[in-house]
2 protein chains.
Amino acid sequence: MTDQNEPQLTRIQQKNRERILEGALTAFSANGFRGATIDQIAEAAGLSKPNVLYYFGSKDEIHKTLLTALLDMWLAPMLAIDPRGDPLDEVLDYVSAKLRLSRDFPRESRLFAYEILQGAPHLNEILGGRLRMLVDETVAILAAWIDEGRLAQVEPHHLIFSIWALTQHYADFEVQVRAVLGPGHDPFAEAELYLENLFRRMLQV
Amino acid sequence: MTDQNEPQLTRIQQKNRERILEGALTAFSANGFRGATIDQIAEAAGLSKPNVLYYFGSKDEIHKTLLTALLDMWLAPMLAIDPRGDPLDEVLDYVSAKLRLSRDFPRESRLFAYEILQGAPHLNEILGGRLRMLVDETVAILAAWIDEGRLAQVEPHHLIFSIWALTQHYADFEVQVRAVLGPGHDPFAEAELYLENLFRRMLQV
DNA sequence: TGAAATGCTGACCGAACGGTCAGGATCAGG
DNA sequence: CCTGATCCTGACCGTTCGGTCAGCATTTCA
């Protein structure tokens with residue numbers, strides 16, 4: 001039972017669609033949806049503009065495809081939280097994993113940031129649907145831990161928000177972070193230490 | 001010695017420039033620089049497009065004027081940190097003030113977010129210049145407090161980043177926050193409690 | 001090997017956009 | 001009331017952009 005949603009793509013289709021999405025990720029994350037042009041995407045992908053539109057019907061479709069394809073990667077670390085694990089370790093692992101995503105996939109982070117800033121025109125139903133359900137499950141786990149006295153009393157929704165905010169900040173506002181720190185700093189390495197300290201202090205009972 | 005940088009504006013100039021900046025703030029914060037059009041700005045300001053360009057030479061000039069005019073408001077709470085005050089109170093007051101800015105001026109917050117995401121093309125020299133100096137001063141205050149044992153040992157730069165990240169998140173990602181929380185929540189009121197708790201736990205010695 | 005399917009492109013289109021300009025309306029103040 | 005400065009606009013311009021299309025090239029597979 002392999003995934004047959006997109007009925008078999010040819011070798012060329014597979015390669016070129018991938019190239020386009022890769023180029024589009026660079027373009028969209030650098031300039032936002034309206035700021036990026038199909039020509040930019042085409043050049044980054046090494047294809048002609050009409051050829052890009054041969055594989056994806058419109059600029060919008062490329063954008064939508066990118067966003068939905070990336071959502072899973074973005075949400076995966078939250079799913080990895082194990083209700084049977086040690087509460088503090090689980091949260092700290094989540095923070096660490098999310099920070100690594102920011103470090104290794106800043107373009108993806110910025111893509112989402114643009115989308116949410118814009119008012120999430122493409123993700124609106126997902127935010128209030130799948131994402132909200134996923135968060136609710138995680139909130140339930142956290143609430144149980146707190147009830148059992150294994151985690152300090154904090155509001156679980158906002159705990160999650162704070163993890164998102166703090167980790168994504170280092171990708172989305174990287175320019176600012178680097179400018180303020182000046183040269184000779186490794187923002188992500190420092191953030192790792194700082195955030196572990198922060199959440200440890202806040203969540204230890 | 002009144003501020004005479006802009007040699008006296010007429011009554012009409014003053015009113016219309018203000019209208020344009022107000023309309024531009026709405027347009028830019030909703031769609032980003034490239035996403036906003038001069039026509040949109042003109043309509044929001046209740047003026048014709050050529051008239052907008054009569055007061056500001058270009059779209060870019062409007063944007064730049066907005067950004068620099070807003071910077072002071074945005075940085076003011078950090079300047080209000082008093083080295084002679086109680087360390088924890090001072091930090092918590094700063095957090096609270098910054099969160100109020102997010103609540104009351106979300107458009108301004110989003111405007112900056114777009115600018116930084118873009119790579120800060122208009123603010124680059126400010127980020128590494130005035131902002132960095134301002135942060136360095138605040139860092140010095142925080143470091144002194146930490147040295148004196150009046151604040152827990154945390155890296156001051158990243159403390160400031162975390163305040164920015166956590167407070168701005170509620171303005172910039174408001175759509176996501178509301179979607180995940182669902183109806184019947186007051187994100188900012190909850191955030192106030194949560195963040196005070198967070199920073200109190202983290203910073204108390 | 002040949003023909004059908006797939007892949008690709010140059011040229012082009014219409015709309016949107018930033019910006020200009022000539023000239024008319026309005027206002028300030030002597 | 002007159003005049004010069006300020007204010008405002010319709011019409012227009014060149015460019016950019018998303019998207020189309022006719023037709024040629026290449027690949028696939030029987």
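So that the names make sense, note that chain A is the first sequence line, chain B the second, and so on, each numbered from 1.
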Q: Distance check: side-chain N/O of B:Tyr54 vs OP1/OP2 of D:dC8, anything under 4.0 Å?
A: no

Q: Generate the contact string for nucleotides 15-21 of chain C. Rules: B means base contact, S means sugar-phosphate contact only, - means no protein heavy atom under 4.0 Å.
A: --SBBBB

Q: OP1, OP2 of C:dC8 versus side-chain N and O of A:Asn16: anything below 4.0 Å?
A: yes

Q: Please name all residues satisfying side chain to side chain donor-acceptor pair (under 3.5 Å) with A:Glu90, sequence neighbours left out, ordered by chain then number.
A: none

Q: Considering residues at least two apart in sequence or located in another chain, which fulfil the side-chain contact (heavy atoms from CB on, under 4.5 Å) criterion with A:Arg107?
A: A:Glu22, A:Leu25, A:Thr26, A:Ser29

Q: Among C:dT6, C:dT9, D:dC8, find the nucleotide with the atom closest to the side chain of B:Tyr55.
A: D:dC8

Q: What is the distance, to the nearest angstrom, from the CZ atom on B:Phe56 to the P atom on D:dC7?
A: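 Nearest whole value for this atom pair: 13 Å.
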
Q: Which atoms of nucleotides 23-29 of chain C (N or O only) lie under 3.5 Å from a protein N or O atom, and what are those distances?
A:
residue, atom, partner, partner atom, Å
C:dA28, OP1, B:Arg11, NH2, 2.7

Q: How about B:Phe28 and B:Phe33: are their ring centres within less than 6.0 Å of each other?
A: yes

Q: Determine: side-chain N/O of A:Ser48 to OP1/OP2 of C:dG10, distance under 4.0 Å, yes or no.
A: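 Negative; the distance criterion is not met.
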
Q: Is it the case that atom CE in B:Met133 sees more than 12 heavy atoms from other parts of the structure closer than 6.0 Å?
A: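 Counting other residues, nucleotides and ligands, CE of B:Met133 stays at 12 neighbours or fewer.
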
Q: Using a strict cut-off of less than 4.0 Å between a Lys/Arg side-chain nitrogen and an Asp/Glu carboxylate oxygen, indicate whether B:Arg130 and B:Glu125 qualify as a salt bridge.
A: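 Looking at B:Arg130 and B:Glu125, the cut-off is not met.
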
Q: Under 4.0 Å between a Lys/Arg side-chain N and an Asp/Glu carboxylate O for A:Glu174 and A:Arg110?
A: yes

Q: For A:Trp145, which residues count as a ring-ring contact (aromatic ring centres under 6.0 Å, His included) partner, sequence neighbours excluded?
A: none

Q: List in chain and number order the residues that pass ring-ring contact (aromatic ring centres under 6.0 Å, His included) with B:His122, two or more places apart in sequence or in another chain; answer none if no residue qualifies.
A: B:His63

